[in-house]
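Letters A, B, ... are given to chains in the order of the sequence lines, protein chains preceding strands, and every chain is numbered from 1.
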2 protein chains.
Amino acid sequence: MSALPSAPADADSLFHALADPTRRDIVTRAMHGEHSVSALAGHYPMSFAAVQKHVAVLERATLVTKERRGREHLVRTNIDAVRAVAQVLDDYETVWRDRMDRFADVLASRQEGERS
Amino acid sequence: MSALPSAPADADSLFHALADPTRRDIVTRAMHGEHSVSALAGHYPMSFAAVQKHVAVLERATLVTKERRGREHLVRTNIDAVRAVAQVLDDYETVWRDRMDRFADVLASRQEGERS
DNA sequence: ATAATCTACAACCATATGGTTGTAGATTAT
DNA sequence: ATAATCTACAACCATATGGTTGTAGATTAT
């Protein structure tokens, strides 16, 4: 569907980036619209530098991108990276489901055996 | 569907637990069947104690459960916790989609205005 | 009974992480 | 031109993290 403007980062960076409530909140805000780093910083009880670091972590994980507009750097969520993480989890789900199916097969063939 | 044998942990613990390749591998192995902690430890180039710590992190995050069988503690993946993480990401996806829909509406009504 | 196996946990260490303040470079506003 | 705003980054600090070895308690095997 969408082109790949930046290949998603490794699972390590992605999960680590999402393992912080401030960063998850930034991802949510940056989905609803563009925000400068200082606009974002205004929402959190910490220094601008701290928020800037959080944005940098998200950027390294490809979860957000920054576009320079004048002296501001607008932060935007990269939904493809979110989807990449979801994909990892869906893969787990698939593995689980396959295993359940095989398990059901074994049970079924056992019942066949008992019946005959 | 499935009952809740243990309420999933907070998103912080869940994402953090998944942000390590060894732990993700343990989750995968423990989906395919039960493994004792030492059986798991055999697969990784680190001490038993290190693996035991990884299992403890996964257990605190509710991603695995341990059931004692004799002197062994069998580790099993809790698929509901995996689903809980997937849910968080699906929520992002939903928010994004809603935003896209509203955006499309705005564009459509604008075109209406131009046509009339 | 004794030895071996499995797990838990303490103590320790190096590095990563999340926060701080301060300085400096770009850009915009006055 | 000068001041204000926005961002980047260095230096620093306390704590968390991922690893280690060692000790000890349960359980199983001999």
Side-chain angles (χ1 to χ4, degrees), chain A residues 6 9-30 33-78 85, chain B residues 6 9-30 33-78 85:
Chain A
S6 60
D10 55 298
D12 282 39
S13 328
L14 286 166
F15 281 117
H16 169 250
L18 290 169
D20 180 282
T22 302
R23 287 198 289 263
R24 287 197 302 278
D25 197 71
I26 291 174
V27 167
T28 303
R29 285 182 194 278
E34 300 165 329
H35 299 264
S36 70
V37 180
S38 18
L40 288 170
H43 294 295
Y44 309 104
M46 63 186 77
S47 69
F48 167 83
V51 174
Q52 199 227 313
K53 276 191 183 182
H54 281 306
V55 172
V57 170
L58 289 169
E59 200 180 9
R60 260 180 269 127
T62 71
L63 279 162
V64 305
T65 56
K66 276 192 294 192
E67 190 192 349
R68 182 174 189 149
R69 180 116 73 195
R71 63 186 164 185
E72 295 185 329
H73 287 199
L74 299 184
V75 178
R76 231 177 315 182
T77 293
N78 172 22
V85 188
Chain B
S6 60
D10 54 298
D12 282 38
S13 328
L14 287 167
F15 281 117
H16 169 250
L18 290 169
D20 180 283
T22 303
R23 288 198 289 262
R24 285 197 302 278
D25 197 71
I26 291 175
V27 167
T28 304
R29 285 183 194 278
E34 300 165 330
H35 299 265
S36 70
V37 180
S38 16
L40 287 170
H43 295 294
Y44 308 104
M46 63 186 77
S47 68
F48 167 82
V51 174
Q52 198 226 315
K53 276 190 184 183
H54 281 307
V55 172
V57 170
L58 289 169
E59 200 180 8
R60 260 180 268 127
T62 72
L63 279 162
V64 306
T65 57
K66 275 192 295 193
E67 190 192 349
R68 181 175 190 149
R69 180 117 71 194
R71 62 186 163 185
E72 295 185 329
H73 287 200
L74 300 183
V75 177
R76 229 178 316 183
T77 294
N78 173 22
V85 188

So, do [X] and [Y] sit near enough that their side-chain heavy atoms are less than 4.5 Å apart?
X     : Y     : result
B:Q52 : B:H73 : no
A:R24 : B:D12 : yes
A:E67 : A:T65 : no
B:L63 : B:I26 : no

Quiz item: On DNA chain D, nearest-nucleotide positions of B:R71 versus A:H35: which is more 5'?
Solution: A:H35
Quiz item: Relative to the 5' end of DNA chain C, which residue comes earlier, A:D20 or B:S38, by the nucleotide with the nearest heavy atom?
Solution: B:S38
Practice problem: Tell me which of A:G70 and A:P45 sits closer to the 5' end of DNA chain C, going by the nucleotide each one is nearest to. | Solution: A:P45
Can a side chain N or O of [X] be found less than 4.0 Å away from OP1 or OP2 on [N]?
X     : N      : result
A:S47 : C:dT20 : yes
B:H73 : D:dA26 : no
A:H16 : C:dG18 : yes
B:K66 : C:dT7  : no
A:Q52 : D:dT7  : no

In the strands shown, is [N] matched to any nucleotide by a Watson-Crick or G-U wobble pair with both distances under 3.5 Å, and which?
N      : value
D:dA11 : C:dT20
D:dC6  : C:dG25
C:dT30 : D:dA1

Without decimals, in angstroms, what is the distance between [X] [atom1] and [N] [atom2]?
X     : N      : atom1 : atom2 : value
A:E72 : C:dA29 : CD    : C1'   : 13 Å
B:L40 : C:dA8  : CG    : P     : 12 Å
A:R68 : D:dT5  : CZ    : P     : 18 Å
B:F48 : C:dA4  : CZ    : C1'   : 14 Å
A:E67 : D:dC6  : CD    : C1'   : 16 Å
B:H54 : C:dA8  : NE2   : P     : 15 Å
A:K53 : D:dT7  : NZ    : P     : 17 Å

Pick base, sugar-phosphate or nothing for [X], based on heavy-atom distances below 4.0 Å to the nucleic acid.
X     : answer
B:R23 : sugar-phosphate
B:T22 : nothing
A:A56 : nothing

Quiz item: Any idea how A:F15 and B:F15 line up, ring-wise: parallel (<30°), tilted (30 to 60°), or perpendicular (>60°)?
Solution: tilted
Quiz item: Do the side-chain N and O atoms of A:S13 and A:D10 include a donor-acceptor pair separated by under 3.5 angstrom?
Solution: yes
Practice problem: Identify which nucleotide among D:dG18, C:dT20, C:dT7 has an atom closest to any side-chain atom of B:S36, counting heavy atoms from C-beta outward. | Solution: C:dT7
Self-check item: Side chain of B:V37 (C-beta onward), nearest among C:dC9, C:dT7, C:dG19
Solution: C:dT7
